[in-house]
Student: 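Take a look at the following structure, please.
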Amino acid sequence: MNGIIRKIYRSKDIDTIQSKINLLGSNRKLKFDSVSFLNFRLITTILLAVILILLTSIKYYIIPFILIIYYNLIYYLFITNEINKRIKKLDKEALTFFEILTLTLESGKNLENSLEITCYNVDSELSQEFKKCLIETKFGKSLIESLNSLKTRMPSEAINNIILNITQTSVFGNSIIDTMNNQIEYLREKQLMEVKSEINKIPTKVSIISVVFIVPLILLIILGPFIVEFLG
């Protein structure tokens, strides 16, 4: 089946989807690769088409639109939506992780030792990803190579920027502590902006709730006696 799929789809498309799947991390609940995903999406789309044609009275010209929606919905639910949720989770974990890493660096330890101490004292998904980097270094990779590899599994742009700054600082010999302090300040400002954004959405959410639930209830209370009198 994998061979058939690889003939149906271009290698570029398979690689693109695999790169997206890699961003989901290895700790995800559903384990699948790009070929398995393409298998599932193709087969279920065909089954849905058969069901719609044979078991429903839906007009034939509408069926292609339903199949296109389903085809794209599968990608959104299993990949795009999961990536977005992972970005939010990693961004929340980033500030604590990098603050502890910076404190460890300030104690005089080098980057690799600081990462080890931070990873084994912080229990988070971000910490698990950095642990994999450290394991890769024990199997022959340099720390810079492992960090660059980590970027392919990291969907968060903010965290990738920090990793990029760490690697560049290590290569060019700049002060990594100054770099980390700047990045931590950026993360704090980013989280503050996100909180402000959520606060600004509250009036809109309250308005929607009022229109949907409260206003009809008030109208029912006001008009209730007239309705009862009319019906009586």
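Numbering starts at 1 and runs along the sequence shown.
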Student: Going by atom types alone, do Tyr71 and Arg41 pair a side-chain donor with an acceptor below 3.5 Å?
Tutor: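 Tyr71 vs Arg41: donor-acceptor pair found between side chains.
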
Student: So, Asn72 side chain and Ile68 main chain: donor-acceptor pair closer than 3.5 Å or not?
Tutor: yes

Student: For residues Ile17 and Ile79, report the shortest heavy-atom separation together with the two atoms involved.
Tutor: CG2-CD1, 4.1 Å

Student: Looking at Ile176 and Ile166, what are the two nearest heavy atoms and their distance?
Tutor: CD1-CG2, 4.2 Å

Student: What heavy-atom pair brings Phe97 and Ser127 nearest, and what distance separates the two atoms?
Tutor: CE1-CA, 3.8 Å

Student: Any carboxylate oxygen within less than 4.0 angstrom of a Lys/Arg side-chain nitrogen, looking at Arg188 and Glu99?
Tutor: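 Salt bridge: yes.
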
Student: Let me check something: do Leu54 and Ile46 share a hydrophobic cluster, defined by ILVMFWY side-chain heavy atoms less than 4.5 Å apart, either directly or through other members?
Tutor: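 Linked within one cluster.
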
Student: Judged by atom type as modelled, is there a donor-acceptor pair below 3.5 Å linking the side chain of Asn165 to the main-chain atoms of Asn161?
Tutor: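 The answer is yes, because a donor-acceptor pair under 3.5 Å joins these two groups.
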
Student: What's the shortest heavy-atom distance between Phe130 and Leu115, and which atoms?
Tutor: CD2-CD2, 3.7 Å

Student: Might you point out which heavy atoms bring Thr152 and Asn22 nearest each other, and give the distance in Å?
Tutor: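 It is O-CB, 3.8 Å.
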
Student: Is the side chain of Thr137 donor-acceptor paired with the backbone N or O of Leu134 at a distance under 3.5 Å, no angle test?
Tutor: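 Yes; at least one donor-acceptor contact below 3.5 Å.
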
Student: Compare every heavy atom of Asp91 with every heavy atom of Ala158, then report the nearest pair and how far apart it is.
Tutor: CB-OD1, 4.3 Å

Student: Applying the ring pair (Phe, Tyr, Trp, His ring centres under 6.0 Å) test to Phe40, which of Phe32, Tyr75, Phe78 qualifies?
Tutor: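 Looking at Phe32, Tyr75, Phe78, the match for Phe40 under the ring pair (Phe, Tyr, Trp, His ring centres under 6.0 Å) is Phe78.
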
Student: Do you know which of Lys92, Lys131, Arg86, Arg153 makes salt bridge (Lys or Arg N to Asp or Glu O under 4.0 Å) with Glu125?
Tutor: Arg86

Student: Applying a strict under-4.5 Å side-chain criterion to I, L, V, M, F, W and Y, I'd like to know whether Leu103 and Tyr186 cluster together.
Tutor: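 Hydrophobic grouping puts Leu103 apart from Tyr186.
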
Student: Would you confirm whether Thr179, through its side chain, and Ser175, through its main-chain N or O, come within 3.5 Å as a donor-acceptor pair?
Tutor: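 Yes; at least one donor-acceptor contact below 3.5 Å.
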
Student: When you check the gap from the basic side-chain N to the acidic O, do Asp15 and Lys12 get nearer than 4.0 Å?
Tutor: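 Answer for the salt bridge query: no.
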
